[in-house]
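I have a structure here, written as structure tokens, and I will follow up with some questions on it.
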Amino acid sequence: VQLQASGGGLAQPGGSLRLSCAASGFPSNLYTIGWFRQAPGKKREGVACLANSDGNTYYGDSVKGRFTISRDNSKNTLNLQMNNLEPEDTAVYSCAWDHGASSWLLCNAPPDRSDHWGQGTQVTVSS
């Protein structure tokens with residue numbers, strides 16, 4: 001499986017950014033995929049996750065109502081639309097996947113294997 005994240009950058013508070021994760025090569029259709037972030041000195045946090053089998057989504061409490069996860073099967077991409085950004089959203093964002101069908105499980109128990117992760121992209125929210 002190959003994951004390639006893009007779309008990070010600088011945004012002002014209240015602004016928007018859109019992240020994309022090009023994802024291909026999954027061994028089956030039973031997998032979950034999602035976005036995670038880690039700010040300096042903080043624990044990694046599951047931001048938003050999606051189950052490929054039924055499209056079920058899970059959002060971390062800090063981003064509910066502001067972020068939207070979606071997939072574009074025609075382009076093999078996973079997107080994260082981030083609106084009403086806050087300085088606390090500043091972090092390195094990464095996409096990851098795992099076998100299974102629970103978006104909640106992926107976000108709350110992310111995989112340990114490094115080959116289940118894509119490289120990160122920096123998001124900075126500052127005025």
Inset, instruction - Would you check if Ser94 and Gln38 make a side-chain contact, meaning some heavy-atom pair closer than 4.5 Å? - result: no
Inset, instruction - Please report the closest heavy-atom contact between Thr57 and Ile69, naming both atoms and the distance. - result: CG2-CG2, 3.7 Å
Legend entry - Side-chain (Ser127) to main-chain (Gln12) donor-acceptor, under 3.5 angstrom: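 Not a single qualifying donor-acceptor pair exists.
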Legend entry - Spacing of Thr77 atom OG1 and Leu3 atom CG [to the nearest 0.5 Å]: 12.0 Å
Inset, instruction - Could you check if a side-chain atom of Leu50 sits within less than 4.5 angstrom of a side-chain atom of Ser103, using non-hydrogen atoms only? - result: no
Inset, instruction - Answer with yes or no whether the hydrophobic clustering places Phe67 together with Tyr58; edges join I, L, V, M, F, W, Y residues whose side-chain heavy atoms lie under 4.5 Å apart. - result: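 Phe67 and Tyr58: separate clusters.
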Inset, instruction - Kindly check if the number of other-residue, nucleotide or ligand heavy atoms within 6.0 Å of CG (Asn29) is above 12? - result: no
Inset, instruction - Indicate, with yes or no, if the rings of Trp117 and Phe36 have centres closer together than 6.0 Å. - result: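 Centroid separation for Trp117 and Phe36: below 6.0 Å.
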Legend entry - Closest approach of Leu106 to Gly34 (non-hydrogen atoms, all atoms of both residues): CD2-N, 3.5 Å
Legend entry - Taking every non-hydrogen atom, the tightest pair across Ala96 and Pro111: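 Scanning both residues, the minimum pair turns out to be CB-CG, 4.4 Å.
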Inset, instruction - Please confirm whether the backbone N or O of Glu86 pairs with a side-chain atom of Asp89, one donor and one acceptor, at under 3.5 Å? - result: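 Yes.
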Legend entry - Derivation of the side-chain hydrogen bond (donor to acceptor under 3.5 Å, both in side chains) call for Asn76 and Ser24: CA-CA 6 Å; Asn76 290 330; Ser24 62; 5.7 Å; no
Legend entry - Any side-chain donor near an acceptor of the partner, Asn79 and Ser20, under 3.5 Å: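 Yes, side-chain donor-acceptor contact under 3.5 Å.
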Legend entry - Gln81 and Asn83: side chain donor to acceptor below 3.5 Å: yes
Inset, instruction - For residues 94-127, pull every pair meeting disulfide bond (SG atoms under 2.5 Å apart), keeping only residues two or more places apart or in separate chains. - result: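 Residue pairs passing disulfide bond (SG atoms under 2.5 Å apart), neighbours aside: Cys21-Cys95, Cys49-Cys107.
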Inset, instruction - Using the rule that two of Ile, Leu, Val, Met, Phe, Trp, Tyr join whenever any of their side-chain heavy atoms come within less than 4.5 Å, decide whether Ile33 and Val1 are in one cluster. - result: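 Yes, one cluster joins them.
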Legend entry - CE on Met82 to CG on Leu17, rounded to 0.5 Å: 4.5 Å
Inset, instruction - Mark yes when over 12 heavy atoms from residues, nucleotides or ligands other than Gln122 sit less than 6.0 Å from its CD; otherwise mark no. - result: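 Yes.
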Legend entry - side-chain hydrogen bond (donor to acceptor under 3.5 Å, both in side chains) contacts in which one or both residues fall within residues 40-50, not counting sequence neighbours: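 Non-adjacent pairs meeting side-chain hydrogen bond (donor to acceptor under 3.5 Å, both in side chains): Arg37-Glu45, Glu45-Ser62.
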Legend entry - Closest heavy-atom pair and its distance - Thr121, Ala5: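 Answer, listing the atom of Thr121 first, then Ala5: CG2-CB, 4.3 Å.
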Legend entry - Heavy-atom pair with the smallest gap, counting every atom of Val47 and Val63: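 Shortest heavy-atom separation between Val47 and Val63 comes out as O-CG2, 3.4 Å.
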Inset, instruction - Check the angle between the aromatic planes of Phe26 and Tyr31 and answer parallel, tilted or perpendicular using the 30° and 60° thresholds. - result: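 Phe26 and Tyr31: parallel rings.
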Inset, instruction - Verify the neighbour count for atom CG of Asp112: are there more than 12 heavy atoms of other residues, nucleotides or ligands below 6.0 Å? - result: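 Counting other residues, nucleotides and ligands, CG of Asp112 stays at 12 neighbours or fewer.
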Legend entry - Validation row: Ser126, Pro87 side chains within 4.5 angstrom (heavy atoms): no
Inset, instruction - Please name the pair of heavy atoms, one in Leu105 and one in Ser102, separated by the smallest distance, quoted to 0.1 Å. - result: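 Shortest heavy-atom contact: N-OG, 3.0 Å.
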Inset, instruction - Tell me, with the steps shown, if Thr68 and Tyr59 meet side chain to side chain contact (heavy atoms under 4.5 Å, CB included). - result: CA-CA 8 Å; Thr68 302; Tyr59 293 92; 3.8 Å; yes
Inset, instruction - Evaluate the side chain to side chain contact (heavy atoms under 4.5 Å, CB included) criterion for residues Asn52 and Thr32: first the C-alpha distance (whole Å), next the side-chain angles of each, then the deciding distance (0.1 Å), finally the verdict. - result: CA-CA 6 Å; Asn52 182 67; Thr32 52; over 6 Å; no
